[in-house]
Structure formats: structure tokens, C-alpha cells
**Student:** 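The structure is given below, and queries will be raised subsequently.
Protein chains get the first letters and strands the later ones, always in sequence-line order, with residue 1 at the start of each.
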2 protein chains.
Amino acid sequence: MLKFSKKADYALLALQYMATVQYGIEANPRVVNTKEIAEEHHIPVELLAKVLQTLAKHQLIESHHNGPKGGYALGREPKDITLAQVLEAIEGPLGLTDCCHEKDGQSQCEQMNRCNIRTPLSRIQESIFQLLNSMSIEDLLVEDTPLVIVESLKLQGVPS
Amino acid sequence: MLKFSKKADYALLALQYMATVQYGIEANPRVVNTKEIAEEHHIPVELLAKVLQTLAKHQLIESHHNGPKGGYALGREPKDITLAQVLEAIEGPLGLTDCCHEKDGQSQCEQMNRCNIRTPLSRIQESIFQLLNSMSIEDLLVEDTPLVIVESLKLQGVPS
DNA sequence: ATTTGCTCCGATAGTTTTGGTCGGAGACTT
DNA sequence: AAGTCTCCGACCAAAACTATCGGAGCAAAT
């Protein structure tokens with residue numbers, strides 16, 4: 001429940017990898033190609049390619065189609081790419097319920113008029129959204145340093 | 001993305017309804033049956049039945065199989081039923097990634113050894129979990145939001 | 001100029017999850 | 001005994017997700 005899709009996982013892995021290459025401790029700014037990332041993380045190339053395309057379309061990364069030296073690179077600094085942006089790019093608008101983003105006047109939700117849990121739920125959603133929006137790719141780089149944003153919340157043991 | 005399943009929605013609606021009946025302003029403590037809830041919210045009876053069964057199995061509600069006067073009632077006070085409990089009952093263990101709850105020694109995750117985003121992700125997950133755990137069915141009662149207000153929010157484009 | 005290796009895009013299978021349905025068994029009330 | 005309810009498991013259909021494939025275009029290397 002509340003699980004990221006694999007595409008989202010792959011996107012985060014790829015972004016983290018690119019960020020490390022470009023901004024990491026042993027920074028070696030260069031363009032990386034799909035195959036390299038895929039092999040590094042043992043994920044299917046074609047699927048990752050699609051994920052990267054999506055990210056590029058949403059301006060989160062830039063594609064350099066320069067033949068053999070082509071590939072992708074971050075479109076902005078890691079701290080300017082929030083997790084919420086990544087997730088929305090990959091999986092569409094965030095929202096706990098279907099009735100969160102209804103277009104047109106006509107609501108699809110049968111119980112619109114008698115739904116008494118929408119208000120509380122939208123609060124939860126807002127909190128999650130803020131959480132995801134307050135974390136960036138940069139936060140994926142610091143391995144064991146407590147994250148500023150989550151610090152205020154009580155944390156318990158995390159799986160190694 | 002990060003959407004509740006319909007079963008989860010139904011569960012929350014049903015719990016809210018039962019809580020209202022038992023603890024609401026015009027409290028009229030009684031046992032409610034599946035059909036009543038389903039009709040009230042326009043959701044398929046059989047599916048709701050399954051949801052309620054699951055909730056009962058997890059002790060969140062109590063089933064009273066008393067023939068024609070049978071039905072369900074909350075197993076505890078609304079404040080003692082957290083949203084996290086409900087979601088876990090309905091959808092299994094919460095977790096952003098597959099590798100969050102791996103049983104047995106053998107990890108299924110290919111990139112276990114080279115996964116550099118687990119720590120940050122598990123922090124996010126923990127935050128969300130705490131959020132869901134800090135809210136209870138009681139919190140769903142508070143806002144019996146008048147339709148008028150909801151409508152005006154809709155006009156302003158506020159996600160509802 | 002040709003080849004190579006890459007991105008890009010659309011289309012399409014395979015698989016899993018989810019939503020929704022059905023029917024029989026047991027229990028209680030009337 | 002009849003009726004109505006829960007309970008439980010099995011089942012089907014639809015949708016979403018994962019993964020794959022093929023072709024087009026582009027830029028650098030040769």
C-alpha cells in the first residue's frame with residue numbers, strides 16, 4: 001500500500017546516479033547513457049529508457065542526442081528537483097482519492113454529495129505532498145546524514 | 001499516484017459512518033448492516049461486505065451475526081482506530097518499495113547491494129506512516145463539512 | 001558518405017492488481 | 001421451520017503496470 005511504482009523507483013535511482021556523477025564527492029560531470037544506468041542497477045534498459053524519456057519531457061533531465069556520446073544529464077541542480085516533481089512526472093498527478101482532481105464540472109464521484117471524509121483526507125494528502133515536495137534529489141545523495149526536513153518528525157529505526 | 005484503493009476508501013467511509021451512528025452528535029448506538037452502509041454511499045454491497053469482513057478479521061470492527069438484526073459495529077472507540085491500522089488491514093503492510101518488508105534471509109531485490117536510495121526512502125515512508133498513525137477515525141468525524149462550504153472550495157479550485 | 005551508437009516515439013504483448021460477483025454454510029431471530 | 005443476516009472462499013472481468021519490440025532521426029566517428 002502506498003507503494004511507489006517500479007518506474008518511480010527506477011526514476012529515483014537514475015536521478016540519484018546522475019546526481020552523483022555530476023555533483024557527487026568524486027564529481028565527474030558528464031553525460032550518462034541509458035545502458036550505463038541500467039547495467040549499474042540491473043534494470044531493464046528499455047523500460048528505463050522510457051522512464052528517462054518521461055523525465056526529459058518534464059524538463060527534469062536533459063537529453064543530449066549526440067550519437068555515441070549522447071545521453072542524459074540533470075536539467076537542474078539536485079536540490080531543485082523535488083521528489084514530488086519526479087513522482088508527478090512519472091505517475092501523473094498525486095492524490096489519495098479519485099475525486100481529488102476532477103476536471104470539468106461533472107463529478108465522477110457518486111458519493112460527492114454525501115462524502116464526509118473528503119476534508120480530512122485532503123489534509124493527509126496535503127501533508128504527504130508537502131513532505132515529498134520538501135525533499136529533493138540532493139537529499140538522496142547524503143547517505144547517512146539526517147535529513148533536515150524529516151528531522152522534526154519522530155523517526156524510528158530504519159532498515160539498514 | 002500514492003492513491004488509496006477503492007477498498008480503502010470504502011473502509012474509511014464505512015468506519016466513519018459507523019462511528020457517526022455510535023458516537024456522533026445524534027448518537028444512536030446500534031448495529032448497522034452492510035446493505036445500509038452500501039446504499040448510503042452508493043457502493044456495491046458485495047465488495048463492501050468483503051471489506052467489512054476484512055476489518056472484522058483485524059478486530060477493527062465487530063460482527064454481530066444475529067440474523068435479521070445482525071450487522072457490524074466498531075470494535076473500539078473511534079480514536080483508537082488509526083488510519084494506518086485500517087489501511088494495513090485492507091491493503092497489507094505499508095511500504096513505499098518492495099524491499100521494505102522482505103521476509104527470509106534471501107532478498108528479492110537485485111540491487112540490494114547497490115541501492116543507494118533506500119535509507120532516504122525509508123525515512124519518507126516512516127514519516128507517512130507516522131502521519132497515518134496519528135490520525136484516527138475520530139478525526140474523520142470532526143468535519144461534517146456542510147455542502148455549501150465544499151462547493152465554494154470547489155469553485156476556488158481547492159482540491160477537495 | 002557510410003556506419004555506428006545513441007535518443008525518441010509509438011505500438012504491443014505478458015503479467016499482476018484490483019474491482020466486482022457468486023454461491024454455499026452457519027447462526028440467530030421470529 | 002423460515003427468513004435474514006454474516007461469513008468465507010472461490011471466481012471472473014477489467015484495468016494498471018511491467019516489459020518488449022521496431023522503426024525513425026540525429027550526431028559523431030570512420
Side-chain angles (χ1 to χ4, degrees), chain A residues 1-11 13-14 18 30-39 41-73 75 87 90-93 95 97-98 108-111, chain B residues 1-11 13-14 18 30-39 41-73 75 87 90-93 95-98 108-110:
Chain A
M1 175 55 200
L2 289 181
K3 215 167 53 179
F4 287 166
S5 69
K6 288 199 176 176
K7 286 201 279 191
D9 284 342
Y10 296 163
L13 281 170
M18 289 190 278
R30 62 188 170 87
V31 167
V32 296
N33 65 36
T34 307
K35 205 164 116 188
E36 176 182 343
I37 304 178
E39 286 177 351
H41 294 284
H42 295 85
I43 55 187
V45 193
E46 297 86 356
L47 184 56
L48 177 62
K50 212 150 106 176
V51 169
L52 294 178
Q53 286 165 26
T54 306
L55 291 178
K57 194 183 300 173
H58 287 256
Q59 323 260 312
L60 298 178
I61 60 179
E62 288 171 349
S63 68
H64 296 73
H65 23 138
N66 300 339
K69 302 225 165 166
Y72 291 97
L87 292 176
I90 298 293
E91 319 204 7
T97 58
D98 287 326
Q108 316 289 17
C109 186
E110 276 294 331
Q111 45 256 9
Chain B
M1 174 54 199
L2 288 181
K3 216 167 52 181
F4 287 167
S5 70
K6 288 200 175 175
K7 286 201 278 191
D9 284 342
Y10 296 163
L13 281 170
M18 289 190 278
R30 61 187 170 88
V31 167
V32 296
N33 65 39
T34 307
K35 204 164 112 188
E36 176 182 342
I37 304 178
E39 286 177 352
H41 294 284
H42 295 84
I43 53 187
V45 192
E46 296 86 356
L47 184 56
L48 178 62
K50 211 151 106 176
V51 169
L52 294 179
Q53 285 165 27
T54 307
L55 292 178
K57 194 183 301 175
H58 288 257
Q59 324 261 310
L60 299 178
I61 60 179
E62 288 172 350
S63 69
H64 299 262
H65 26 136
N66 299 341
K69 301 224 165 165
Y72 291 98
L87 292 176
I90 298 293
E91 319 203 8
L96 291 181
T97 58
D98 287 326
Q108 316 289 18
C109 185
E110 276 296 330

**Student:** Quick one: B:Gln53 CD to C:dG19 P, roughly how many Å, whole number?
**Tutor:** 16 Å

**Student:** From CG of A:Asn33 over to C1' of D:dA27, roughly how many Å is that when rounded to an integer?
**Tutor:** 15 Å

**Student:** Between D:dT20, C:dG19, D:dT6, which nucleotide has the shortest distance from any of its atoms to the side chain of B:Thr34?
**Tutor:** D:dT6

**Student:** Whole angstroms only, please: what is the NE2-P distance between A:His64 and D:dA28?
**Tutor:** 12 Å

**Student:** Just how far, in rounded Å, is P of C:dG20 from CG of B:Asp9?
**Tutor:** 11 Å

**Student:** Starting at the 5' end of DNA chain D and moving along, which residue's nearest nucleotide shows up first, A:Lys7 or A:Pro68?
**Tutor:** A:Lys7

**Student:** Do B:Asn33 side-chain atoms and B:Glu36 backbone N/O form a donor-acceptor pair below 3.5 Å?
**Tutor:** yes

**Student:** I need the A:Leu52 CG to A:Ile37 CD1 distance, nearest 0.5 Å.
**Tutor:** 5.0 Å

**Student:** When you measure from the side chain of A:Glu46, which nucleotide among C:dT18, D:dG3, D:dC21 comes out closest?
**Tutor:** D:dC21

**Student:** Please report the closest heavy-atom contact between B:Glu62 and B:His64, naming both atoms and the distance.
**Tutor:** O-CD2, 3.6 Å

**Student:** Taking for each residue the nucleotide of DNA chain C bearing the nearest heavy atom, is the 5' side occupied by B:Ala8 or by A:Leu52?
**Tutor:** A:Leu52

**Student:** When you get a sec, tell me which of C:dG19, C:dT7, C:dC28 is the closest nucleotide to the side chain of B:Asn66?
**Tutor:** C:dC28

**Student:** Please find the pair of heavy atoms, one from B:Phe4 and one from B:Glu91, that lie closest to each other, and give the distance.
**Tutor:** C-OE2, 4.4 Å

**Student:** Could you check how far NZ of B:Lys69 sits from C1' of C:dT30, rounded to whole Å?
**Tutor:** 10 Å

**Student:** Looking at the side chain of B:Leu47, which of C:dG19, D:dT4, D:dT18 is the nearest nucleotide?
**Tutor:** C:dG19

**Student:** Given that A:Glu91 and A:Gly67 both sit by DNA chain D, which one's nearest nucleotide is further toward the 5' end?
**Tutor:** A:Glu91

**Student:** Roughly how many Å is it from NZ in B:Lys35 to P in D:dT6, rounded to a whole number?
**Tutor:** 10 Å

**Student:** Looking only at side-chain N and O atoms, does B:Tyr10 come under 4.0 Å of OP1 or OP2 in C:dG20?
**Tutor:** yes

**Student:** Measure the NZ-CG distance between B:Lys6 and B:Leu13 for me, rounded to the nearest 0.5 Å.
**Tutor:** 12.0 Å

**Student:** Of all the choices, C:dC8, D:dT18, C:dT4, which nucleotide is nearest to the side chain of A:Tyr72 once you look at every atom?
**Tutor:** C:dC8

**Student:** Expressed in angstrom and rounded to an integer, what is the separation of B:His65 atom NE2 from D:dC8 atom C1'?
**Tutor:** 12 Å

**Student:** Return the nearest nucleotide to the side chain of B:Lys50; candidates are D:dC21, D:dA10, D:dC5.
**Tutor:** D:dA10

**Student:** Could you tell me how far apart A:Glu62 (CD) and C:dT7 (P) are, to the nearest whole angstrom?
**Tutor:** 15 Å

